[in-house]
Amino acid sequence: MNLELQLARRLYGTRKGKQRVSRPAVTIAKWGVAIGTAVMFVSICIIVGFKHQVREKIIGFGGHIQILSYTADNGETLPITADSLLLQELQQTKGVEHIQQYVQTAGMILSNGEYEGIVLKGIDNSYNLSFIASHITNGAIPCFTADSASNSIIISEATAERLKSSVGDKVNIYFLQDGIKARRMKIAATYETHLTELDDVMAITDIYTTRKINGWGNDKVTGIEVLASNYEQRDECRN
């Protein structure tokens, strides 16, 4: 007699007293296993969904691949030269859907007596703004170009709240670049991604302004973001 048959006879035996106890116990056990499995399945779905959302937000801020300088000066990343030959070669690379440049600099924003540290990211009109546009809470994205200063800035809802400011207000921003440099900008829009690490510091303006602040030429950038046509095949873009 095999083990399975012995267990079945013990659990579903017809001797007096056995049936009343064993069958309810087995039913409860089956429901317990079913509920436990369902809870695990739901938990896995939540974790996978959360992972997907975080990944999409990070990609939205920085692309699938970032090309940066290997060297640094006093902890700050040095610029790279984004000439037309490099940009053309990147755009023609297999698996690359879009490339976009940015110039980044750190500063201090002041409004209503409140200070906040920010990372100011300068972009131009070739930048894919779909991610940013989908998270705008107030105002509108201005036209950012590489040829002129917009005098406008996009900050997060959290930063605006701490500065006690809103869309349309003017703020002063200070930078420690070869002395102290200052810019006065209007808050054109606010965004919220619920990714606290980025919302707390990231602000967006035009690349013309950030180049001037850093004292860089028109072909110098902090980095180049590469958007792959297929995220799962992004490694092919490196070949």
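Sequence positions, counted from 1, serve as the residue numbers for this chain. These numbers were taken from a predicted model, which means no experiment stands behind them.
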Do [X] and [Y] have side-chain atoms, one donor and one acceptor, less than 3.5 Å apart?
{"X": "S126", "Y": "Q100", "result": "no"}
{"X": "K164", "Y": "S111", "result": "no"}
{"X": "N128", "Y": "E225", "result": "no"}
{"X": "D199", "Y": "S156", "result": "no"}
{"X": "E157", "Y": "T190", "result": "yes"}

Side chain proximity check, [X] to [Y], heavy atoms < 4.5 angstrom:
{"X": "H98", "Y": "Y127", "answer": "no"}
{"X": "I123", "Y": "T210", "answer": "no"}
{"X": "S166", "Y": "N138", "answer": "no"}
{"X": "L86", "Y": "T81", "answer": "no"}
{"X": "T205", "Y": "S150", "answer": "yes"}
{"X": "L68", "Y": "I80", "answer": "no"}
{"X": "I153", "Y": "I204", "answer": "no"}
{"X": "I155", "Y": "I118", "answer": "no"}

Mind listing the closest non-hydrogen atom pair of [X] and [Y] along with its distance?
{"X": "S165", "Y": "V171", "value": "OG-CG1, 4.4 Å"}
{"X": "V221", "Y": "A82", "value": "CG2-CB, 3.9 Å"}
{"X": "K181", "Y": "I213", "value": "NZ-O, 2.8 Å"}
{"X": "S69", "Y": "P79", "value": "CB-O, 4.3 Å"}

Does E89 have more than 12 heavy atoms from other residues, nucleotides or ligands lying within 6.0 Å of its CD? no
Give a yes or no on this: more than 12 heavy atoms of other residues, nucleotides or ligands lie within 6.0 Å of atom CD of E161. no
When you measure from the side chain of [X] to the backbone of [Y], do you find a donor-acceptor pair of N or O atoms at a distance under 3.5 Å?
{"X": "R211", "Y": "K220", "result": "yes"}
{"X": "D206", "Y": "G122", "result": "no"}
{"X": "H135", "Y": "T193", "result": "no"}

Joint cluster assignment, [X] & [Y], ILVMFWY side-chain distance < 4.5 Å:
{"X": "F175", "Y": "W216", "answer": "no"}
{"X": "M202", "Y": "L120", "answer": "no"}
{"X": "Y191", "Y": "F144", "answer": "yes"}
{"X": "V96", "Y": "I65", "answer": "yes"}
{"X": "I141", "Y": "V167", "answer": "no"}

Partner of N214 under side-chain hydrogen bond (donor to acceptor under 3.5 Å, both in side chains), picked from T222, T209, T105, is T105
Working to the nearest 0.5 angstrom, can you tell me the gap between [X] [atom1] and [Y] [atom2]?
{"X": "I109", "Y": "L163", "atom1": "CD1", "atom2": "CG", "answer": "5.0 Å"}
{"X": "E192", "Y": "I136", "atom1": "CD", "atom2": "CD1", "answer": "11.0 Å"}
{"X": "K212", "Y": "I207", "atom1": "NZ", "atom2": "CD1", "answer": "12.5 Å"}
{"X": "Y208", "Y": "T145", "atom1": "OH", "atom2": "OG1", "answer": "9.0 Å"}
{"X": "K186", "Y": "S152", "atom1": "NZ", "atom2": "OG", "answer": "5.5 Å"}
{"X": "T93", "Y": "L90", "atom1": "OG1", "atom2": "CG", "answer": "5.5 Å"}

Does M185 form a side-chain contact (heavy atoms from CB on, under 4.5 Å) with I173? I'd like the steps, not just the answer. CA-CA 8 Å; M185 296 185 182; I173 311 175; 3.8 Å; yes
Y102: side-chain hydrogen bond (donor to acceptor under 3.5 Å, both in side chains) partners, not counting sequence neighbours: Q66
Can you list the residues that meet the side-chain hydrogen bond (donor to acceptor under 3.5 Å, both in side chains) rule with E116, with sequence neighbours excluded? R162
